[in-house]
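I have placed the structure first, in the form of structure tokens, so that the comments after it can refer back to it.
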Protein chains: 2
Amino acid sequence: MADIRIDSQTLEQFVAAIWEKAGFTAEDAATEAHVLVWANLRGVDSHGVLRVPQYLANIARGGMNPHASIRIERETPAIALIEADMAFGPVVTSYAMEIVIAKARQVGIGWAVIRNTTHQGCMAYYPLLAVEQDMAGLALVCNPPNMAPYGARAAGVHNSPLAIAVPAGDRDPLVLDMATSMAAFGKINLAQDRRVPIPEGWALDSDGNPTTDPNEARILLPFGGYKASSLALMFETLSSVMAGNGLLTASLLGGERQRPGAQNSVVAAIDISAFTDVADYKGEIDRLIAAIKGLPPAKGFAEVLVPGEIENRVRVERSTTGIPLPEGTVMNLRQAARDLGVPLPAALAS
Amino acid sequence: MADIRIDSQTLEQFVAAIWEKAGFTAEDAATEAHVLVWANLRGVDSHGVLRVPQYLANIARGGMNPHASIRIERETPAIALIEADMAFGPVVTSYAMEIVIAKARQVGIGWAVIRNTTHQGCMAYYPLLAVEQDMAGLALVCNPPNMAPYGARAAGVHNSPLAIAVPAGDRDPLVLDMATSMAAFGKINLAQDRRVPIPEGWALDSDGNPTTDPNEARILLPFGGYKASSLALMFETLSSVMAGNGLLTASLLGGERQRPGAQNSVVAAIDISAFTDVADYKGEIDRLIAAIKGLPPAKGFAEVLVPGEIENRVRVERSTTGIPLPEGTVMNLRQAARDLGVPLPAALAS
């Protein structure tokens with residue numbers, strides 16, 4: 001069966017209706033739907049609407065809270081500590097970005113630690129909120145262990161992603177969004193579906209032995225050996241430990257039981273105008289992109305790409321042709337519509 | 001010829017005397033000598049006193065400025081933009097750390113961009129200044145291109161290092177200090193000296209072809225493909241471009257001539273007490289270290305190491321047994337002593 005194409009606005013309204021029926025306010029439902037469909041629009045389907053059934057299950061077992069009481073626990077002109085109370089990740093993280101952007105406008109930088117958020121979707125979304133305000137943005141997140149630290153044969157760190165974005169002038173913004181593992185579990189799932197082996201160095205099996213069988217892969221491996229392994233560990237120290245909510249130790253050593261599905265995050269905004277002229281900055285980013293793209297490509301490469309370029313191309317294409325959804329995703333969305341009594345868009349009808 | 005061992009205090013006083021004779025104030029000379037010998041003490045000899053002849057040459061050609069006028073150009077309660085005027089890297093960067101630590105104490109975070117610093121030595125030194133004040137520290141630096149971006153066969157980014165450190169309780173602090181290349185040029189130089197090939201994936205030759213011959217290696221390669229390549233590019237956008245002093249574009253596109261040897265840097269401090277209880281934080285870092293070290297080692301590993309652990313072991317050993325200096329370094333130090341009329345310590349006499 002071929003993928004079904006659906007325009008992003010229709011998909012977003014449909015998914016928002018699902019979240020409203022699941023108990024969220026119209027505003028929170030719209031934010032969550034927007035961030036999921038935003039990921040699909042950019043081709044990051046692993047963080048798009050295929051998450052709907054997983055999130056519905058989380059909501060049902062109390063792992064995502066429609067009535068979350070988001071509150072700022074500590075605050076200065078530059079920093080904030082935010083308790084998310086298991087709110088939808090995009091809801092609390094967008095709010096946290098508003099806070100750090102306002103602080104950056106006042107004192108040049110805003111830096112927030114978020115405790116007990118839930119899955120935030122595609123991390124690139126948040127620094128790009130800062131970019132819209134002529135700021136640099138940063139976001140990272142930590143979860144319980146799913147990756148072996150360098151030199152270990154068991155999971156000890158999370159493959160924590162980091163996203164950084166800055167504005168350009170005529171060009172699209174530069175946006176890096178990378179996990180600290182060689183590959184995300186999404187790519188391993190894809191290899192399962194395609195029945196092809198995964199490359200060496202991606203994963204260990206449940207006994208801690210290297211494997212190329214995607215069905216046996218249980219523990220991710222870091223990229224760059226000790227380097228990304230150490231980055232992941234340091235991210236935990238800046239997020240979970242700073243929030244008084246160590247997720248790695250809770251899993252590895254036991255102790256205080258954490259809320260299942262809870263994750264901790266850092267978001268930041270840096271106001272360019274506090275350092276230099278904004279137009280000059282953006283012009284220089286345009287020149288930098290031109291300089292990198294002007295380099296001779298390596299053998300096997302047609303061109304040199306800059307961070308975010310592939311995703312921006314997919315966005316342009318899918319904004320016109322719609323978002324392709326595979327059969328499995330479509331069936332899950334139909335099921336969710338039936339379960340919750342949400343009208344199914346014509347494009348998704350069987 | 002076997003290495004010569006010299007105690008760190010004697011070496012530090014000797015190197016400080018060299019910088020004083022080269023025109024620096026006693027205070028600046030002592031700071032530079034301290035950071036160089038600090039690197040040797042931790043086993044990071046590539047960033048230690050072997051740099052003395054290179055720095056003397058830089059000073060002679062105006063690439064390091066004994067009479068630098070370091071000034072804060074812009075400032076808020078949380079950020080600063082500092083013009084280094086080609087001061088010794090350790091002098092201006094230690095000063096910048098004082099500033100961000102003071103700001104962090106007031107508003108929870110301090111973030112500074114340094115323009116036109118010179119070689120800063122071992123980057124781990126600076127975040128550890130924040131750690132001494134119960135803060136997390138961060139430092140990164142950008143230079144002209146020496147690394148091929150992913151997919152390119154020419155240098156386009158710098159293998160910018162990043163250092164992050166946080167305090168522990170009973171344990172040594174966690175400190176990550178990593179370049180964004182697979183290996184630093186120092187390791188390639190070592191392979192030259194040992195007449196052994198370098199691994200595939202480390203470097204390209206001057207024509208942009210992959211090489212395993214250390215004598216042909218001219219362009220570094222990033223670790224993790226596009227990931228560290230993109231990190232290096234984003235670091236330039238947060239340091240050089242934020243300082244209005246784009247180093248990559250200056251090299252790749254021409255335009256305004258930059259000062260040879262100038263580099264741009266970001267340093268930051270985050271006050272733990274703004275977020276959580278400091279004793280709780282440090283205790284949790286101790287638990288985190290114990291958890292990681294308690295994981296079963298992978299095949300071929302005797303133990304799981306945490307960031308900074310190897311360097312701390314070398315520091316303990318060399319604090320007792322002295323710093324081993326190879327013949328070439330000793331000869332260079334003797335030459336510098338002769339040229340500048342500085343008394344040679346007995347340990348280094350021929």
Side-chain angles (χ1 to χ4, degrees), chain A residues 74 76-79 81 107-109 111 113 136 148-149 151-154 156 164 166 174 176 178 208 223-224 227-228 230-231 233-234 236-238 241-244 246 248-249 252-253 270 272 274-276 280-281 284-285 287-288 290-292 294-299 301 304-307, chain B residues 74 76-79 81 107-109 111 113 136 148-149 151-154 156 164 166 174 176 178 208 223-224 227-228 230-231 233-234 236-238 241-244 246 248-249 252-253 270 272 274-276 280-281 284-285 287-288 290-292 294-299 301 304-307:
Chain A
R74 294 186 181 210
T76 74
I79 67 101
L81 174 65
V107 295
I109 189 170
W111 183 279
V113 174
R153 55 185 289 130
I164 304 174
V166 297
L174 287 174
L176 166 66
M178 60 166 220
F223 74 96
K227 293 189 176 187
S230 300
L231 261 186
L233 184 64
M234 299 313 292
E236 171 81 354
T237 70
L238 298 178
V241 186
M242 209 62 93
L248 300 182
T249 49
L252 298 172
L253 301 179
I270 301 169
I272 293 162
F275 292 93
T276 190
D280 288 350
Y281 183 94
E284 178 65 12
I285 298 294
R287 278 165 45 85
L288 184 56
I292 298 295
L295 294 170
K299 207 171 158 181
F301 288 81
V304 184
L305 294 164
V306 294
Chain B
R74 294 185 180 210
T76 73
I79 68 101
L81 174 65
V107 296
I109 188 170
W111 183 280
V113 175
R153 54 185 290 131
I164 303 174
V166 297
L174 287 173
L176 165 67
M178 61 165 219
F223 75 94
K227 293 190 176 185
S230 301
L231 262 186
L233 183 66
M234 299 314 291
E236 170 81 354
T237 70
L238 298 178
V241 185
M242 209 63 92
L248 300 182
T249 49
L252 299 172
L253 303 178
I270 301 169
I272 293 163
F275 293 93
T276 191
D280 289 350
Y281 183 94
E284 178 65 13
I285 297 294
R287 278 164 45 85
L288 183 56
I292 298 295
L295 294 169
K299 209 173 157 180
F301 289 81
V304 183
L305 295 164
V306 294

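Here the structure is a predicted model, which means the values were calculated and not measured. Chain A is the first sequence line, chain B the second, and so forth, proteins listed ahead of strands; every chain is numbered from 1.
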May I ask you to name which of [options] has the most heavy-atom pairs under 4.5 Å with chain A?
options                        : answer
B/G224, B/A78, B/G108, B/P77   : B/A78
B/A148, B/A152, B/A291, B/G156 : B/A152
B/L174, B/L176, B/V241         : B/V241
B/L248, B/L81, B/V306, B/I292  : B/I292

Find the one option among A/R74, A/M178, A/E236 whose heavy-atom pairs under 4.5 Å with chain B are most numerous.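 The residue among A/R74, A/M178, A/E236 with the greatest pair count is A/R74.
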Partner chain B: residue of A/P297, A/G208, A/A290 with the largest heavy-atom pair count (under 4.5 Å):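 Heavy-atom pair counts peak at A/P297.
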Could you check whether any side-chain heavy atom of A/M242 comes within less than 4.5 Å of a side-chain heavy atom of B/I272, counting everything from C-beta outward?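 SC-SC contact between A/M242 and B/I272 confirmed.
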Taking C-beta and beyond as the side chain, do A/I109 and B/T76 meet within less than 4.5 Å on heavy atoms?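 Counting from C-beta outward, A/I109 and B/T76 never come under 4.5 Å.
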[X] versus chain B, heavy atoms under 4.5 Å apart: side chain, backbone, both or neither?
X      : answer
A/A136 : side chain
A/I164 : both
A/L252 : side chain

Please classify the contact of B/M234 with chain A as side chain, backbone, both or neither, using a heavy-atom distance under 4.5 Å.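 The side chain, not the backbone.
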Classify the angle between the aromatic ring planes of A/F223 and B/F223 as parallel (below 30°), tilted (30 to 60°) or perpendicular (above 60°).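 Parallel, since the angle between the ring planes stays under 30°.
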